[in-house]
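We count ligands from 1, going down the list as the structure has it; atoms in each ligand are counted the same way. Source: prediction; values computed, not measured.
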Amino acid sequence: MPVQTTDELAPRGRVALGLLRETQPGERRVALVPSDVKRLSASFDILAEEGAGARAGFSDGDYEAAGSRTVPVERIRGSARVVVGIRAPFWATELAAGATLLSLPRVTRAQGMDVLSSQASIIGYAAVLEGAQHLPMILPMLTTAAGVIRPANVMVLGAGVAGLQALATARRLGAVTHGFDVRTAAREQVESVGATFVAPDVVLASTETTGGYAREQSKDEQKSLRRALSDHLRKMNLIITTAQIPGQPAPLLIDDETLALLSPGTVIVDLAAESGGNTSRTLADQEVLVGDVTILGPTQLASRNAGDASRLFSGNIRQLLEHVGVKDGALQLNQSDPIVSALLGLLADGETGSP
Ligand code: NAD
């Protein structure tokens with residue numbers, strides 16, 4: 001079937017928006033959920049790829065009821081002016097001629113559009129459940145006629161968005177929680193979710209960049225940090241590591257020397273596995289046994305809870321599209337707007353976008 005042009009497809013004044021079905025193995029999320037499709041349909045003519053939301057719990061019928069049309073991917077490739085997906089499709093480079101690629105800025109005003117934060121919240125929660133399933137113990141204290149079980153000790157290294165959610169989740173499940181981050185501002189946040197902030201003596205005032213992220217530490221700083229942490233880590237049952245430095249390999253927080261000190265049965269869930277890992281033995285998406293310590297490096301945790309992860313991702317995309325706005329059948333890319341100017345990575349002139 002010949003691909004129809006946007007003008008033939010999209011009712012006047014609306015922008016043809018293609019919603020992709022993800023193709024990466026293990027990826028179950030979808031970038032827009034039916035409730036957001038409904039909210040966007042006044043400005044966008046939404047073409048949802050067949051089966052786009054099926055693995056996140058949303059049927060083609062749900063999308064159609066929300067106002068979209070179900071189409072094969074070829075139709076999206078040929079006529080959508082805006083394409084949304086969790087991951088860029090392999091044919092994204094074909095958009096280069098006359099396309100604008102959108103990526104997301106991390107500023108306070110853009111918080112509602114920040115997919116990294118929304119997905120990190122889900123991942124932090126899922127990491128605790130993943131670790132708990134591998135532990136030889138339960139998390140809460142239990143008093144029974146057969147005896148008393150002490151609560152598990154959980155440590156989170158890296159108290160950003162995922163780390164704070166992991167701390168809050170572990171505490172809700174009854175664990176005694178401990179947190180650490182190199183950013184001084186994180187101390188108050190760790191304490192606000194009921195955890196103890198450990199090793200504050202090694203937190204340096206200059207570890208935070210102006211953007212609020214951690215800066216890379218020197219080799220000596222990293223070494224003294226590892227030694228200061230190892231004393232605390234040996235008392236833990238579950239350790240969740242999330243430490244990342246934007247644009248750099250993940251810092252090494254747990255080396256072979258520390259691994260050898262950990263209690264038998266300790267489980268480490270390393271959320272930095274994709275960028276090299278926070279331990280010396282992490283392997284992405286594998287379970288590694290070092291002595292009696294289990295190290296997990298899951299990289300698809302958000303897909304475990306694909307429905308809710310998609311709801312949040314979709315909320316981010318909807319807020320982004322509403323912020324950008326549509327005028328005369330095209331995205332309104334107002335370069336003087338600080339969010340729009342920050343998110344435009346110009347490939348060429350035009351208005352097709354892939355958030
Ligand atoms: P991230 O995923 O880049 O890193 C996770 C955590 O690891 C960070 O807290 C970082 O400080 C920590 N870390 C780095 N090196 C470490 C080390 N050697 N030891 C221990 N911890 C180390 O960070 P993130 O979760 O995306 O966000 C970090 C901060 O930025 C948070 O305070 C968050 O609230 C803020 N933020 C703001 C916005 C916004 O304003 N829109 C958006 C996202 C994040």
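Shown in contact with Ile245 at under 4.0 Å from a heavy atom are these atoms of ligand 1, numbered in order with element: 14 (C), 15 (N). Which parts of ligand 1 touch Gly160 is read off a 4.0 Å heavy-atom cut-off, strictly below it: atoms 6 (C), 9 (O), 25 (O). Taking every heavy atom of Asp114 and a limit of under 4.0 angstrom, the matching atoms of ligand 1 come to 41 (N), 42 (C), 43 (C). Against a heavy-atom cut-off of under 4.0 Å, Pro251 is close to the following atoms of ligand 1: 15 (N), 18 (N). Under a 4.0 Å criterion applied to the non-hydrogen atoms of Phe180, ligand 1 contributes the atoms 19 (N), 20 (C).
Ion pair Asp255/Lys223 not flagged as a salt bridge, since none of the NZ, NE, NH1 or NH2 atoms sits closer than 4.0 Å to an Asp/Glu carboxylate oxygen. A salt bridge does not link Arg55 to Glu27: none of the charged side-chain nitrogens sits closer than 4.0 Å to a carboxylate oxygen. By the 4.0 Å N-to-carboxylate-O rule, Arg311 lies close enough to Asp308 to be salt-bridged with it.
Of the N or O atoms in Asp181, one or more lie within a sub-3.5 Å distance of an N or O in ligand 1. In terms of polar-atom proximity, defined here as any N/O pair under 3.5 Å, Ser117 makes no such contact with ligand 1. Polar contact with ligand 1: present for Val161 (N/O pair, distance under 3.5 Å).
The environment of Asp256 atom CG is dense: over 12 non-hydrogen atoms of other residues, nucleotides or ligands sit within 6.0 angstrom.
At a heavy-atom cutoff of 4.0 Å, ligand 1 is contacted by both the backbone and the side chain of Gln244. At a heavy-atom distance under 4.0 Å, only side-chain atoms of Leu253, from C-beta outward, approach ligand 1. With a 4.0 Å heavy-atom cut-off, ligand 1 is reached by the backbone of Val182 and by its side chain too. At a 4.0 Å heavy-atom cut-off, ligand 1 touches Ala159 through the backbone alone.
Comparing Arg226, Gln111, Gln222 by heavy-atom distance to atom 40 (O) of ligand 1, the nearest is Gln111.
A side-chain contact (heavy atoms from CB on, under 4.5 Å) with Ile295 holds for exactly one of Ile239, Leu259, Thr241; it is Leu259.
At least one heavy atom of Leu225 sits closer than 4.0 Å to an atom of ligand 1. Under the 4.0 angstrom criterion for non-hydrogen atoms, Thr242 is in contact with ligand 1.
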Please report, to 0.1 Å, the donor-acceptor pairs under 3.5 Å made by any side chain of residues 156-171, with sequence neighbours excluded.
residue, atom, partner, partner atom, Å
Thr169, OG1, Gln165, O, 2.7
Arg171, NH1, Gly194, O, 3.3

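Side-chain heavy atoms closer than 4.5 Å link hydrophobic residues (I, L, V, M, F, W, Y) into clusters, and following such links, possibly through other members, connects Val288 to Val269. Hydrophobic clustering keeps Val30 apart from Ile122 (ILVMFWY residues linked when any side-chain heavy atoms are closer than 4.5 Å, directly or through intermediates).
Take Thr282 and apply the side chain to side chain donor-acceptor pair (under 3.5 Å) test, not counting sequence neighbours, and it matches Asp270, Thr279.
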Point to revise | side chain to side chain donor-acceptor pair (under 3.5 Å) evaluation trace for Arg227 with Thr258 | key: CA-CA 8 Å; Arg227 296 287 74 83; Thr258 303; 3.2 Å; yes
